[in-house]
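When reading the values below, keep in mind they use all heavy atoms of this one structure, side chains included, and skip hydrogens, waters and symmetry mates. Just so we're on the same page: letters track the sequence lines, and every chain starts at 1.
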2 protein chains.
Amino acid sequence: MEAVQDLPPGTAPGLRTKSQLQRRRRILQAAAALASRGGVEAMQMRTVAERAGVALGTLYRYFPSKMDLVVAVVGEELDMLESSIARRPPAAATPDGRAVDVLMRATRGLMREPELADALIRALILADVELPFGDRMAGLLLRVAGLSDGRATEEQGVLAASLGAVWVQELLEMLRGRRTYEDIQRRIEIAASRLLAEFPASRAE
Amino acid sequence: MEAVQDLPPGTAPGLRTKSQLQRRRRILQAAAALASRGGVEAMQMRTVAERAGVALGTLYRYFPSKMDLVVAVVGEELDMLESSIARRPPAAATPDGRAVDVLMRATRGLMREPELADALIRALILADVELPFGDRMAGLLLRVAGLSDGRATEEQGVLAASLGAVWVQELLEMLRGRRTYEDIQRRIEIAASRLLAEFPASRAE
DNA sequence: ACACTTACTAGAATCCGTTCTAACTTCGGT
DNA sequence: ACCGAAGTTAGAACGGATTCTAGTAAGTGT
């Protein structure tokens, strides 16, 4: 039901030859493209396989389940977010301001491909997978709030993770059509101001 | 994909005869029982129908999709939580203390049937359904924090919903085996103390 | 080049949610 | 007591994820 053991989680090990890396890339690309249209339902394993030019069995060798495939796609999206943040770091003065900045940037990114976003978020939540998602997002928030992962106290870790949880929830509500972008921004700001107040290098409260 | 229109959402209208109410009850009971064991996968529509003593088609008449069935089961659980709270209201002195009390009580309840909890929580999050879950839980938190729904400001509503989101997330992590009961308690306390500080009748901060 | 393990392919097969069909009951109104 | 509408039933049928099979390529060591 999960396991991405012998298969490379990311740009990692396991794929011996160049053609295997390319296959993997083609698969991920096909999956993302399909999900960008009809969402999860359009991203059928047969279709992904066909579009990637591999046999169904091969697809399952690379990604033991649809979920694993989705998780991999999400991973790539997260990579992109992180590099975007590295390129143009959030400029706000306060830690919570920077966190909001990052989350809303991610929100905009996801809104560009709502079907994809829907598929990804839901799959992520469903995943049995030890998904490095919550952790990754929390780490990211800690970092932009001004703490290099290691230096954070437990409480700060919890607070960053909490803000991440709130964001995910709001995203889900948006996908259900119950939030606008502005709603999310306002709500995330409220939550962030409480959760991230008094962080190091915080605002003058 | 959803729609429980002509069918009674709860103890509501739509079911004419007594035997229909009983059928509905038998279905929900069978579903919960099955989910208590093998989780979602054990709760197969065919099996539920068989165990409830109705035809598959009838099951689908009462609950147009598996999701609707799950949502109904969750609704019943929530009913039980609310009546439990009515019977024995949280006693803590501060709003956030009472909120933590309620959430941990719900957590214990869910932990008693981990497979069921897993199935329900995930299904809920997935649901396209306009599920009254987040809202219901947020309203509940507001109430125990000391505000009868209507009287809350938007900010307070957001904060209560945020705490609910954090709780759900922690629950998911627990179901993944990454949190103990004590972890959750500690983390919820941290988040609640931030999110619900300065509520009316709040502690002396 | 040869043998051999490993990867890949095409396609059938299985499992489960959901839908459809045709016949049988139950119920409300008369 | 009888009729038509709505509710039930057993079971077949469909669709998509996942698994399985037999055979074909590709990569590795000698």
Side-chain angles (χ1 to χ4, degrees), chain A residues 1-8 13-27 30-31 34-35 37-73 119 122-123 126-129, chain B residues 1-8 13-27 30-31 34-35 38-72 119 122-123 126-129:
Chain A
M1 240 302 187
E2 34 183 297
V4 199
Q5 293 314 72
D6 47 338
L7 277 303
L15 291 198
R16 312 167 197 292
T17 78
K18 187 171 303 183
S19 71
Q20 283 176 313
L21 278 173
Q22 294 185 331
R23 250 191 220 99
R24 185 190 161 84
R25 205 163 304 289
R26 261 184 297 137
I27 291 174
L34 285 167
R37 308 210 167 292
V40 227
E41 47 246 38
M43 177 178 151
Q44 297 171 198
M45 295 303 264
R46 282 180 233 266
T47 318
V48 171
E50 185 185 336
R51 183 142 168 177
V54 303
L56 187 55
T58 304
L59 172 53
Y60 272 93
R61 166 182 284 275
Y62 279 71
F63 301 95
S65 78
K66 186 169 180 173
M67 188 76 85
D68 291 289
L69 179 52
V70 172
V71 169
V73 174
R122 292 185 189 216
L126 271 229
D128 275 328
V129 186
Chain B
M1 240 305 187
E2 32 183 298
V4 199
Q5 292 315 72
D6 48 337
L7 277 303
L15 290 196
R16 313 168 198 289
T17 78
K18 187 172 301 182
S19 70
Q20 284 176 314
L21 277 172
Q22 294 185 330
R23 250 191 219 98
R24 184 191 161 84
R25 205 164 303 289
R26 262 184 296 138
I27 291 173
L34 285 168
V40 226
E41 45 246 37
M43 177 178 149
Q44 295 172 201
M45 295 304 264
R46 284 179 231 266
T47 317
V48 171
E50 185 184 337
R51 183 142 169 177
V54 302
L56 187 55
T58 304
L59 172 53
Y60 271 94
R61 167 182 283 275
Y62 280 70
F63 301 95
S65 78
K66 184 169 180 173
M67 190 75 86
D68 290 289
L69 180 52
V70 172
V71 168
R122 292 186 189 212
L126 272 227
D128 274 329
V129 186

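Of the candidates dT8(D), dA17(D), dC16(C), dT8(D) carries the atom nearest the Arg23(B) side chain, counting heavy atoms from C-beta on. Here the side chain of Lys66(A) is nearest to one of dT9(D), dA12(D), dT18(D), namely dT18(D). Here dC16(C) is the nucleotide among dC16(C), dT18(D), dG16(D) with the atom lying nearest to any side-chain atom of Arg46(B). The nucleotide whose nearest atom lies closest to any side-chain atom of Thr17(A) is, among dT19(C), dG27(D), dC8(C), dG27(D). Side-chain proximity of Met45(B) to the nucleotides dT19(D), dG17(C), dC8(C) is greatest for dG17(C). Of the candidate nucleotides dC16(C), dA7(C), dG7(D), dG7(D) has the atom nearest to the side chain of Arg61(B). Checking dG16(D), dT19(C), dT19(D) against the side-chain heavy atoms of Tyr60(B) singles out dT19(C) as nearest.
Look at CG on Leu69(B): it is 14 Å from C1' on dT18(C), rounded to the nearest Å. In this structure, Arg24(A) places its CZ atom 17 Å from C1' of dC8(C), rounding to the nearest Å. Between Leu59(A) atom CG and dA7(C) atom C1' there is a gap of 14 Å when expressed in whole angstrom units. If you take CZ of Phe63(B) and P of dT19(C), they are 15 Å apart, rounded to a whole angstrom. The CD atom of Gln22(A) sits 14 Å away from the P atom of dA26(D) (whole-angstrom rounding). For Arg26(A) and dA7(C), the CZ to C1' distance is 14 Å, given to the nearest whole Å. Atom-to-atom, CG of Leu21(B) to C1' of dG7(D) comes out at 14 Å; the value is rounded to the nearest Å. Atom CG of Leu56(B) is separated from atom C1' of dT18(C) by 8 Å (rounded to the nearest Å).
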side-chain contact (heavy atoms from CB on, under 4.5 Å) assessment of Val70(A) paired with Met43(A): CA-CA 10 Å; Val70(A) 172; Met43(A) 177 178 151; 3.5 Å; yes
Steps toward side-chain contact (heavy atoms from CB on, under 4.5 Å) verdict (Met45(A), Leu69(A)): CA-CA 9 Å; Met45(A) 295 303 264; Leu69(A) 179 52; 4.1 Å; yes
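In this structure, Ser19(A) and Ser19(B) both approach DNA chain C, and ranking their closest nucleotides by distance from the 5' end singles out Ser19(A). Where Gly57(A) and Thr47(A) meet DNA chain D, the nucleotide closest to each residue was compared, and Thr47(A) sits on the side nearer the 5' end.
In this model, the phosphate group of dA7(C) is not approached by any side-chain N or O of Thr58(A) to a distance below 4.0 Å at OP1 or OP2. The shortest distance between the side-chain N/O atoms of Gln20(A) and the OP1/OP2 oxygens of dT6(C) is not below 4.0 Å. Within the structure, every side-chain polar atom (N or O) of Tyr62(A) is placed at least 4.0 Å from both OP1 and OP2 of dA7(C).
Summarising the geometry, atom CD belonging to Glu50(B) is positioned 10.5 Å from atom CD belonging to Gln44(B); distances are rounded to the nearest 0.5 Å.
Nearest heavy atom pair, residue Phe63(B) against residue Ala72(B), reads CE2-CB, 3.6 Å. Closest heavy-atom contact between Ala30(B) and Arg51(B): CB-CG, 3.9 Å.
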